[in-house]
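Written below as structure tokens is the structure these notes are about.
Proteins come first, then strands; the chains are lettered A, B, ... in the order of their sequence lines, and each starts at number 1.
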Number of protein chains: 2
Amino acid sequence: MKKAFWIGAGLALLLTAAPLNAAEPIEDTVEASLENYILAWNEPEEAKRRELLTDHWTSAGTYTDPSGHAEGLEGLVTHIGGFLDNPQFKGFAIVRTSGIDIHHQSFRFTWEMRNASGQVLTAGIDYGEFDDQGLITKIVGFFGPYPELEK
Amino acid sequence: MKKAFWIGAGLALLLTAAPLNAAEPIEDTVEASLENYILAWNEPEEAKRRELLTDHWTSAGTYTDPSGHAEGLEGLVTHIGGFLDNPQFKGFAIVRTSGIDIHHQSFRFTWEMRNASGQVLTAGIDYGEFDDQGLITKIVGFFGPYPELEK
């Protein structure tokens, strides 16, 4: 009985332990996922965007910002396409402007939409979450500064 | 057949529409919920904290910050108790320092932990989510400034 318990406990530990690549801390996997996420925002070819997000963004992952909501990896591929096709944003790229602050299974970072001469159209922050494998399951973006405190 | 459809559609609309108090925009309900949430962080009596959070924080709502994770309304009542009992934070209060930025069912705001003479021990941001009734379902806090961008 006792022996069966320890074998069971050992097995449970084995099954719940560590991400796919046990040699790499999960933070590194999350940073790699977000690296590809930012590249996808600047990739005009739909097939390449899909490739950049695959293995880094869960198939059911959701993206939300003040301008819209995208369901799943395919939803995000399409949403970014809409952004890149918008003549208003021609010549502007999404650039991460802070390191990635991670705790538990959440993160935040800051970003800017800017062009080659450094003009910033929008600055914002992304909040997000990732799964046990370091794949992104959710990003919620916010634009501009925080609203002022009500008096 | 058509009539039954329209009655069905009308009923579905009625059942999914608007928060409890239909006269109040959901943003106002969320702001009231967060008002009580901040009051709870400064309430040393456990029963009063519970009262402040009831009807504003879902029973399964989760709270997470770099120092810990609390499950459910009861978990948060206990977590705040631990903070208020910590002699390190004696005399410090949690104060919201920005307006509440809301879109879809998410929000963010900034806060400080400060004492009566204005000394700030920690500043941070809260990201959160709310349900169809404007009750908080999740808050994830982050402490201090964003990490610097890696070179």
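- Around atom CD of B:E148, no more than 12 heavy atoms belonging to other residues, nucleotides or ligands sit under 6.0 Å away.
- Residue contact with chain A, scored on non-hydrogen atoms closer than 4.5 Å, involves the side chain of B:H104 exclusively.
- The contact between B:T97 and chain A is made entirely by backbone atoms, counting heavy-atom distances below 4.5 Å.
- For chain A, the nearby parts of B:Y146 are the backbone and the side chain; heavy atoms of each come within less than 4.5 Å.
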Review point. Which is it for B:T58 and B:L73 under the side-chain contact (heavy atoms from CB on, under 4.5 Å) test, yes or no, and what are the steps along the way?
Key: CA-CA 7 Å; B:T58 55; B:L73 194 151; over 6 Å; no
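- Salt-bridge annotation for A:R49 and A:E45: absent, with no side-chain N of the basic residue lying under 4.0 Å from a carboxylate O of the acidic one.
- Contacts with chain B were tallied for A:E31, A:R96, A:R108, A:E129; A:R108 has the most, counting heavy-atom pairs under 4.5 Å.
- Closest approach of A:Q119 and A:F92 over heavy atoms only: O-CE2, 3.4 Å.
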